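In what follows, chains carry the letters A, B, and so on, assigned in the order in which the sequence lines appear, proteins first and then strands, with residues in each chain numbered from 1. Small disclaimer: the values here were computed from a predicted structure and weren't measured. Values below: every heavy atom of this structure, side chains too, minus hydrogens, waters and symmetry copies.
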Number of protein chains: 2
Amino acid sequence: MTRDTSAVTEAYPFLPLSRDGLVDRVAHSLVNAILSGAIRPGERLAESQIARQMDLSRAPVREALRLLESSGLVEYRANRGFFVHVISATSIRELYELRIVIETAAVRALTETNPGALPGLRAQMAELHRLADEDAEMMAHVSADMQFHRLICEGSGNRRFLQVFDQISNETKLGLLVIGRLYDDAHRMAETHEPIIAAIAAGDADAAAAAIAYHIGVAKDLVTAHIEAQQQQEAGRT
Amino acid sequence: MTRDTSAVTEAYPFLPLSRDGLVDRVAHSLVNAILSGAIRPGERLAESQIARQMDLSRAPVREALRLLESSGLVEYRANRGFFVHVISATSIRELYELRIVIETAAVRALTETNPGALPGLRAQMAELHRLADEDAEMMAHVSADMQFHRLICEGSGNRRFLQVFDQISNETKLGLLVIGRLYDDAHRMAETHEPIIAAIAAGDADAAAAAIAYHIGVAKDLVTAHIEAQQQQEAGRT
DNA sequence: GTTTTGTCGGCTGTCGACAATCTTCTTGAC
DNA sequence: GTCAAGAAGATTGTCGACAGCCGACAAAAC
């Protein structure tokens, strides 16, 4: 073992250097561009153009795009290239229904087997309120909210739940960002997480499952309604 | 639409030429090699070697491998390349728990909203029994079994359920194939699907959910027990 | 004998180029 | 004026090449 970084006696105070390759950096850059709205849904993502702008060859760009494809942010059509995924109301509704199924199971497992996850969840709640105080940007709110739900999946102990959650989280964010603003009062939005935490703290798995199903269900209705309205608006404009 | 293959009047008896690109063909070839056991778990998949053997460049091979990575068949380590995924008992248990969650929700939706899916499920049952009569190969049984469950996800109406199912189906197959043989009597194995169909036919969503959860739960216990035994055996041999 | 250092073969990461394919624009016929 | 066919331009699909990185073994130092 020449490379055991967890060795008890660390000879030198060096942190491991970030080994992120080009592909990861390109992927990050693209995710940011899409989630920030700089690139709009439906828009074409020409690998040659991206490569030229980033001043590198097409190979890493192509791989990064394939990566984004598997997270649902980007769509690939054979011989046509990549396009930013266009979200439909149906697709988002189905996404939220999947989330209900996954997170319900996750919170149940967490409540029954891992109450030690509570402090982390409470801390994330505090972060949500802090952001509300600061009147932070939409993106920050969305990320913090998603992180709360991610902690639940992580705390379930089943890595598959987390894997599915991570796979759809970017798409969820995209859906939220497309509609702009959800709650007028960010504090009230944060508070809707309370019943979940209370049920976990009480050790009541059924109540926790019901609470999170309700919580996500409300979000589902809000988001799909928004998107349906937007789609109708767009259809009318055409 | 210059390419409507479903045209009513077919002028010539030509089958549509497979428009699958190189990448898809390479991916298929690799999946077969892995699921047939020709390449063992843990083995290295050197893109250069594969490319040489298939007589093409590394680019399509690399893309195919990235594709397999997202379906969990293959693992990627930076600067080291691709390796066939090694399945652990824990990982398989978590996989089956995810399947229970997804398919329970799917069968519930199917029962409540899409009883029209029943004939297809019954046909697939018949196929299972036919294979049992013919004493077919393990791989054929496994595929037919998975197809039954896929039909349930498909019939749920939620494309996300199907998406998740497809993503993990290859890994599930790999797990089943690694252990060799499961049931001594293939007919009995086929029959364990009966209660699910009966519940759907009766329109009882709760019963259908319970039936499929039980069905998958049994498989989970069998498979994890097998794999645990195998792992212990291997550990002892070292 | 054990640990560190140097070397080597093989593989991945990235590149630029060419061929195949699609899209768009133009042209021409009706 | 509309539609179809063809040409031009741009983009993807695939390729072969080269530099950098990795793991393994050999050599050297202690």
For nucleotides 13-15 of chain D, give me every protein contact, N/O to N/O, under 3.5 Å, one pair per line with atom names.
unit_1: dG13(D); atom_1: OP1; unit_2: Tyr76(A); atom_2: OH; d: 2.3
unit_1: dG13(D); atom_1: OP1; unit_2: Asn79(A); atom_2: N; d: 3.0
unit_1: dG13(D); atom_1: OP2; unit_2: Arg62(A); atom_2: NH1; d: 2.8
unit_1: dG13(D); atom_1: OP2; unit_2: Arg62(A); atom_2: NH2; d: 2.8
unit_1: dG13(D); atom_1: OP2; unit_2: Tyr76(A); atom_2: OH; d: 3.3
unit_1: dG13(D); atom_1: N7; unit_2: Arg58(A); atom_2: NH2; d: 2.9
unit_1: dG13(D); atom_1: O6; unit_2: Arg58(A); atom_2: NH1; d: 3.0
unit_1: dT14(D); atom_1: OP1; unit_2: Leu22(B); atom_2: N; d: 3.3
unit_1: dC15(D); atom_1: OP2; unit_2: Ser57(B); atom_2: N; d: 2.8
unit_1: dC15(D); atom_1: OP2; unit_2: Ser57(B); atom_2: OG; d: 3.1

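Here the side chains of Glu154(A) and Leu162(A) are in contact, with some heavy-atom distance below 4.5 Å.
Side-chain atoms of Thr90(A) and Arg159(B) include no donor-acceptor pair closer than 3.5 Å.
Per the geometry, CE belonging to Met54(A) stands 13 Å off P belonging to dT14(C), to the nearest Å. Straight-line distance from the CD atom of Gln53(B) to the P atom of dC11(C): 11 Å, rounded to whole Å.
By the 4.0 Å N-to-carboxylate-O rule, Arg93(A) lies close enough to Glu228(A) to be salt-bridged with it.
Listed pair Ser48(A) / dA10(D) fails the phosphate criterion, with no side-chain N or O lying under 4.0 Å from OP1 or OP2.
Taking the six-membered ring wherever Trp is involved, the centroid distance between the rings of Phe165(B) and His149(B) does not fall below 6.0 Å.
Between Phe82(A) and Tyr76(A), the ring-plane angle classifies as tilted under the 30° and 60° cut-offs.
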